[in-house]
Structure formats: C-alpha cells, structure tokens
Amino acid sequence: MLDKLILLVEDNPDDEILTLRALKKANVANRIEVVRDGAEALDFVFGAGSYAGRDTSDMPQLILLDLKLPKVSGLQVLERIRSDERTKRIPVVILTSSTEEVDIKSGYDLHVNSFVSKPVNFQEFSEVVQRLGMYWLLVNQHAA
Amino acid sequence: MTRRRQIAGISWRGALLVLVIGLTFRLGITSKRDWVRYRESTHLVEHTYQVLAAVESLRNLTQDAETGQRGYLLTGEERYLAPYTAALSKLNVSQAKLRELLAGDPQQQARVTALNQATAAKLEELRQTIELRRMRGFEAALELVRTDLGKQAMDDIRRIADSLLVEEHRMLARRLSEAEAQVVRSRGWGGLNGLAILVMLVLATIAIERDTRQRARVEEALRDSEEQFRQVFEESPSGILLIEEDQRVRRANPALCRLLGSSEEELQHLALPSTTAHGSLLNLMFETGWTAAGEQTRFDAEQEYVTKSGSTAWVNVHATKLYNSHGRAVCNLALIEDITERKKSDQEIRQLNDSLERRVTQRTGEAAEANQKLESANRELEAFAYSVSHDLRAPLRSVDSFSQIILDEYSDKLDEDGARYLRRIRAGAQHMGQLISDLLNLSRVSRGLLTREPVDLSAMASTIVNELRDLEPHRTVDVQIAPGIQVNCDTRLVRVVMNNLIGNAWKFTGKREKACLEFGASSEEGAVVYFVRDNGAGFDMAYVSQLFTPFQRLHQTSEFAGTGIGLATVQRIVQRHGGRIWVDSAVERGATFYFTLAAESDTNLFREKSEEC
C-alpha cells in the first residue's frame with residue numbers, strides 16, 4: 001500500500017498545495033508525484049523527455065488530472081493514456097474547477113473513472129479529495 | 001324541339017291541303033256526274049215529248065185521213081180527198097219515226113206494232129169506203145161505214161195511242177223523279193263537301209294567321225337580338241372587327257375606331273395590308289384574319305404596335321372564324337383588347353419583384369453575416385464562460401482555503417479581530433464563488449440544446465423540498481405538492497427553475513412561524529399553468545419589473561442571502577421552453593410565481609394532433 005504511486009497533474013501551485021494537504025489530512029501516505037502540465041504528465045507516464053530512463057514498470061495507481069493544463073490539455077492526456085495498452089487500465093480522476101457539461105461529457109467519453117469539480121469552499125474541497133484518495137486507493141480493486 | 005314542331009306543322013298543313021284538293025276534286029266529279037244525269041233526264045223528257053208528238057201526229061194524220069174520207073164520202077168530190085192523201089203520204093214517216101223513238105223499249109214497241117196494225121186496219125177501211133163510193137156510190141160506201149169497222153179501228157188507235165202515251169208519261173215521271181232524287185243526293189254530298197272545304201279554309205286561315213303572328217314575334221325577337229348585338233358591338237370596351245373573306249373590313253366598333261384613331265368608314269375603305277406606320281395593328285389583324293381564314297380557326301396574340309400619335313401600345317388580339325347556320329365560314333371576327341395598362345403594371349410588378357429579390361438577396365447576405373457574427377460572439381462567450389469556470393474559481397479557492405488554513409493552524413497567533421476578518425474574507429470568496437456559479441448557470445441555460453422528455457414535476461418538487469429540509473432541519477414548513485404533475489420539458493433546465501422557485505419560497509418564508517409552501521398546476525384557456533406559492537416576505541408589485549433582471553434584488557443581502565441571478569435564469573429557461581412567467585405578490589403577504597412550459601400555440605397544436613389521433 002505504501003508503494004502505491006499517485007500522479008497529480010496540476011498547474012496551479014495553490015491547488016497543488018491544497019490537494020497534497022487534503023490527501024495528507026486523509027492519511028493517504030502514498031508516494032505522490034506532481035507534474036505541472038500535460039506534456040510533463042505524458043513524459044512521466046511513458047518515461048520520456050525529462051523523465052527518460054524512469055522505470056516505467058512503476059506505474060501510478062491513480063492519476064488525478066486537471067483539465068486546463070498548459071501545452072497538452074487534460075483531455076488529450078487522458079486520451080493518450082487510454083489509448084496505450086500499458087496505461088489504459090490506470091484509474092484516472094478528473095479533478096477540475098470546471099462544471100461545464102462539455103468537459104464532463106468528453107471525460108466520460110474517454111472512460112474517465114470519475115469527474116470531480118473542485119469546490120471553492122476549502123472544507124468541501126478537502127472532503128472531496130479525501131474521499132477520492134480513500135476510494136480509489138483503498139476500496140477500488142483495480143485491474144492492475 | 002322547334003324544328004320537330006315545324007315538321008309536324010308542315011305535314012299537318014300538307015294533309016289539310018291534300019284533303020282540300022281531294023274534296024274539291026270529288027265535288028267536281030259529283031257535279032260532272034250530276035250534269036250528265038241532268039243531260040240524260042232532259043234527253044228523256046225530250047224523247048218522251050218526241051214520242052208524244054209522234055203519237056199525236058200519227059193520230060192526227062189518221063183523223064186527217066178520216067176527215068178527207070168523210071168529205072169525199074159525202075160529196076164525192078176528189079178535192080175533199082186532199083187531207084186523206086196528204087195524211088197517207090206522211091203516215092209512213094210518222095210510223096217510222098215512232099218505231100225509231102221506241103226502238104229500245106220492247107213493251108212500247110209491241111204497242112207501236114199494235115198501233116200500226118190498228119192504223120193499217122183503219123186505213124184499209126178508209127181505202128175500201130173511198131173505193132166503194134167511187135165505184136158504187138155513196139150508199140155502198142155508207143154500208144161499209146155502218147159496219148163500224150172504221151169506228152172500231154179508230155177506237156183501237158185511240159186506246160193504243162193512249163196506253164202508249166200513258167206508259168210514256170209514266171216512264172217520264174219515273175225518270176224525272178229518279179233524276180230529282182239524284183240531284184238531291186248530289187246536292188247533299190256537295191253541301192258536305194262545301195262545308196268541309198269551308199272548315200278547312202277557316203283552319204287554313206287560322207293557321208296562316210297564327211303563322212303570321214308567330215313570324216311577327218320571331219321577327220321582333222330577331223330585331224331585339226339584333227339590337228342587343230348592336231349595343232354590345234357599340235358599347236364593348238374591347239375592339240371588335242369583322243373581316244370579309246376578301247380581306248376587307250366589314251364592321252369595326254367604336255372602341256376599335258378609338259384605339260386606331262380611324263373611323264369605321266376609313267377602315268372599310270382600307271386596302272390591307274396597310275402601309276402607314278400605325279398600320280401595324282391593322283396588318284396584324286389582317287394577318288390574323290388571313291390565318292383564321294386559313295387552316296387555323298382560332299388565333300391569340302399579344303402585340304406591341306405604334307399608335308397614330310406615335311406612342312407604343314399593347315393589344316391582345318383574339319381572332320376566330322364565324323360560321324353561318326350551314327357551317328360555312330362567312331367572315332373572321334377579331335376581338336382587340338387594349339392591354340397597355342396591364343402590360344405597364346406587369347412591368348412595374350416585374351421591376352418591383354426584381355428589386356425586391358435584390359433586396360432579399362442583400363438582406364439574406366446581411367443576415368448571414370449577422371448570423372456569423374452572432375455565432376462567433378457565441379463562441380467567444382462560450383470560451384469566456386469556460387475560462388471563468390476554470391480560472392476565476394481557482395484564486396477564490398486559494399483565498400478561501402488559505403484563510404481557513406490560517407484559521408485552523410495559526411489561530412493562536414491571531415486575535416479575535418484577525419480571525420473575524422479572515423472569516424469575512426472567506427465569506428466574500430464563497431459569495432463570489434456562488435456568483436460565478438450562478439452566472440455560469442445563466443449563460444449555460446441560453447446555450448446548448450433543449451431536449452424535451454416526460455418529467456414528473458411533483459416528484460421533482462418533493463426531492464427539492466427534501467434537500468432543503470436536510471440543509472435546514474430545524475425549520476418547519478408546511479409543504480403541499482399536488483401529485484402527478486407531468487410535463488414534457490428539459491429535465492436539467494426545469495430542475496434549475498424548480499430549485500430556484502422552491503428555494504426562494506423556502507428562503508423567503510424563513511422568518512415565518514408557520515411557513516407555507518405550495519406547488520400545483522391549473523389549466524387556463526387550454527394552457528397548463530404551474531405555480532409555486534409561499535406566505536413569505538413577498539414584495540411590492542411596483543418593483544416587479546426588476547424581479548427578473550440579473551443582479552437586481554428586492555431584499556437586502558443581510559436580510560435574505562442571494563445573488564440576484566436566480567429569477568433571471570428561471571425566466572430564461574421558461575422562455576426557452578416557449579412559456580412565460582409572472583408573479584403575484586404583496587409585501588409580507590407572500591408571493592405566487594406562475595409559469596408555463598409550452599408556447600400556447602404549440603399547446604393548441606398538440607391538442608389538435610391529439611384529437612386527430
């Protein structure tokens with residue numbers, strides 16, 4: 001359980017701090033790797049670019065994906081992950097500020113495992129992130 | 001019908017004529033026969049008189065002979081024998097005459113024979129007595145006379161002659177009476193014939209009289225008809241032209257004369273084709289007349305021509321052949337209508353249409369351009385909304401979250417004021433978050449598709465009320481929801497409407513001890529009207545126009561929380577469904593929001609369709 005890796009794709013440093021804090025408060029003591037845009041996320045997952053030579057057998061057990069990212073958008077990242085045999089079974093949770101239907105629909109079209117809006121209210125936000133971590137890491141028995 | 005009666009009339013009159021001729025002929029025959037019979041009767045009478053005369057003559061001659069004998073006997077003088085010898089010489093003639101007259105009648109012939117024998121006996125006695133006187137004297141002769149042979153013979157003669165005469169008279173009388181009867185009969189038939197002829201003459205006169213009257217009537221009708229046609233010809237606003245087979249104008253009506261600027265007489269003396277500049281119309285009519293005289297029997301043409309005054313005009317020429325009652329074409333009729341005005345207005349209409357079409361094309365282009373602009377504006381708005389959704393909320397979350405973290409973890413370093421201000425920062429951030437959410441909602445309800453599906457509004461209302469109760473369990477609100485209200489609408493959007501209206505009712509009854517909230521529907525003029533009623537704070541209807549305007553609030557935020565966007569969103573959703581929303585309220589007397597979810601015409605349309613099914 002401690003070995004399990006969570007990949008957080010988040011370009012907003014405030015949200016990064018808040019997310020990490022919420023996960024910590026929920027006693028999710030996993031390794032958490034943070035990347036700051038879509039290209040970096042893909043590099044990490046597939047061991048390319050600045051992550052060349054990374055042990056790609058160490059795949060994240062959960063990816064928390066923001067949608068509005070620099071360079072490569074969250075949906076494009078999701079699409080790439082879902083289209084690759086190595087990564088397509090990794091649970092991906094979209095964690096975004098957006099409540100736009102088009103985003104939700106596109107996400108589910110690409111088989112996202114969950115779509116979560118980030119509330120403005122900190123308590124609510126913390127609760128959501130904590131529930132996510134618990135659920136996907138503890139409860140959900142994923143295929144890998 | 002008329003012809004058949006005419007035929008019947010002819011045969012009736014023919015029969016009458018034949019009858020009259022027959023009767024006249026018969027009358028002639030009868031008259032001729034009567035004449036012949038009259039002649040015959042006359043002849044018979046004459047015959048009888050001849051017989052009577054002959055008998056009388058015979059008897060007279062015999063008496064003459066006797067007279068001569070007696071004179072001689074008494075005197076012995078030869079000169080007294082003169083009547084005797086004269087009679088002797090004539091007797092033969094009379095006898096022959098009588099025999100001849102009565103040759104056809106055997107009975108009378110027998111009497112004639114007897115008469116002749118008696119006459120011969122008398123003559124013999126006379127001759128003997130005369131011989132005795134001459135030879136032996138008076139006494140000897142007297143002796144013979146005294147034998148009465150002579151007297152006896154004379155008596156015989158008288159008797160036979162009488163019987164002969166009686167018979168002849170009897171026959172005469174019989175024949176006369178026969179002739180008379182015949183004449184009477186003939187007169188009767190002749191009278192009948194005459195009467196019949198008279199009757200027929202009367203009938204013929206009546207028939208002739210009637211024919212004459214009928215002819216007079218027909219002639220009058222004909223005159224009327226001719227007068228009517230003359231008036232049509234004279235008064236017709238269209239030109240009328242009759243052209244003979246030889247291409248000469250027979251008649252031209254005043255309208256045509258006006259159109260051509262020529263008198264009828266001028267036209268009648270015109271040799272076609274005309275060489276004048278304005279004669280093109282005449283030439284056209286000449287040609288149409290010619291064509292009509294040829295194979296075609298009808299001709300229609302619209303023609304532009306130069307008038308006498310030099311301007312151009314349009315006419316419609318309709319030419320056709322006219323036939324007499326025997327089916328022979330007698331002349332050509334051309335009807336000429338001045339269509340210059342119509343042509344002019346046609347052209348104007350065409351020009352108007354062209355210009356209209358150009359304008360429509362132009363406007364369509366403009367509209368397409370505007371549409372494009374609108375689309376691009378919409379796209380920009382969408383991008384803007386997307387951006388707001390993502391980017392505006394993140395800083396707010398930072399503000400709220402870090403304020404909270406400071407409150408949680410650094411409370412020992414804050415005094416009471418510091419903590420209060422941080423809470424105010426948080427409240428501001430959360431309010432702004434709510435504003436952003438509401439604004440996004442408002443923009444969202446204007447975009448995207450509207451998909452109608454059957455929705456149970458009663459169930460939806462119950463769910464919303466339950467959610468509200470969960471949020472504020474301490475409140476006691478008397479809620480009444482009419483069951484089974486179904487409507488075809490966009491679930492997601494109508495959920496926003498119901499959320500807002502019921503949420504408002506819940507919110508504005510917050511200060512009521514006995515809060516009441518009601519949801520229901522009623523049917524008004526075929527449209528279903530839904531309503532949400534409360535007994536809350538209400539508002540002054542003077543401000544009702546501000547109610548559905550974004551960011552307009554009728555209550556202070558400190559009194560009732562809110563962003564002022566909810567009802568604007570509600571109105572937009574209702575309008576997108578083709579419905580409308582209105583409100584009835586008074587300060588401190590609650591409010592009732594009414595809304596419909598279908599265009600009223602659509603509702604009617606739907607009902608009509610239902611009736612068809």
Side-chain angles (χ1 to χ4, degrees), chain A residues 8-26 34 36-38 64-78 94-108 115-130 132, chain B residues 378-379 381-410 422-423 425-451 471 490-493 495-496 563 569:
Chain A
L8 173 66
V9 190
E10 177 60 80
D11 70 320
N12 184 327
D14 284 358
D15 278 356
E16 179 193 329
I17 293 171
L18 294 172
T19 307
L20 292 176
R21 187 186 153 89
L23 287 171
K24 195 175 152 194
K25 287 265 176 184
V34 179
R36 305 229 151 64
D37 64 48
L64 298 174
L65 183 64
D66 194 6
L67 279 184
K68 201 153 181 282
L69 294 167
K71 297 179 187 170
V72 180
S73 82
L75 286 173
Q76 284 171 314
V77 172
L78 177 62
I94 291 176
L95 192 62
T96 176
S97 298
S98 172
T99 50
E100 291 294 294
E101 284 221 348
V102 60
D103 285 342
I104 299 169
K105 191 170 178 296
S106 305
Y108 281 111
F115 190 104
V116 176
S117 288
K118 291 189 255 184
V120 169
N121 185 302
F122 179 62
Q123 274 104 8
E124 290 174 23
F125 177 74
S126 299
E127 280 170 24
V128 163
V129 174
Q130 285 163 17
L132 272 176
Chain B
N378 260 342
R379 271 198 303 275
L381 188 68
E382 255 173 62
F384 173 74
Y386 191 81
S387 175
V388 165
S389 177
H390 277 272
D391 300 344
L392 236 50
R393 272 199 270 215
L396 283 176
R397 190 160 47 249
S398 297
V399 171
D400 183 72
S401 300
F402 289 112
S403 301
Q404 182 62 44
I405 290 168
I406 290 170
L407 283 171
D408 285 351
E409 296 180 10
Y410 303 93
L422 275 174
R423 279 195 290 275
I425 289 171
R426 279 200 68 206
Q430 281 173 24
H431 182 65
M432 190 167 171
Q434 190 57 48
L435 264 173
I436 290 168
S437 289
D438 287 353
L439 268 177
L440 284 173
N441 251 336
L442 178 61
S443 82
R444 197 177 295 141
V445 298
S446 308
R447 295 177 282 131
L449 287 173
L450 185 142
T451 34
L471 284 173
D490 188 304
T491 318
R492 195 177 53 83
L493 292 180
R495 174 69 191 245
V496 174
T563 56
T569 309

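Quick note on labels: first sequence line is chain A, next is B, and so on, each numbered from 1.
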Between B/R397 and A/D15, does any side-chain N to carboxylate O distance fall below 4.0 Å?
yes
May I ask you to check whether over 12 heavy atoms, not counting those of B/Y410, lie within 6.0 Å of atom OH?
no
So B/Q404 and A/Q123, side chain to side chain contact (heavy atoms under 4.5 Å, CB included) or not? Walk me through it.
CA-CA 8 Å; B/Q404 182 62 44; A/Q123 274 104 8; 3.1 Å; yes
For each of A/D14, A/D66, A/L67, tally heavy-atom pairs with chain B at distances under 4.5 Å, and name the one with the top tally.
A/D14
Please report the closest heavy-atom contact between A/V120 and B/D400, naming both atoms and the distance.
O-OD2, 3.4 Å
d(A/E124 CD, B/Q430 CD) to nearest 0.5 Å is 7.5 Å
Exactly one of B/S401, B/S403, B/S398 should register a side chain to side chain contact (heavy atoms under 4.5 Å, CB included) with A/F122. Which one does?
B/S401
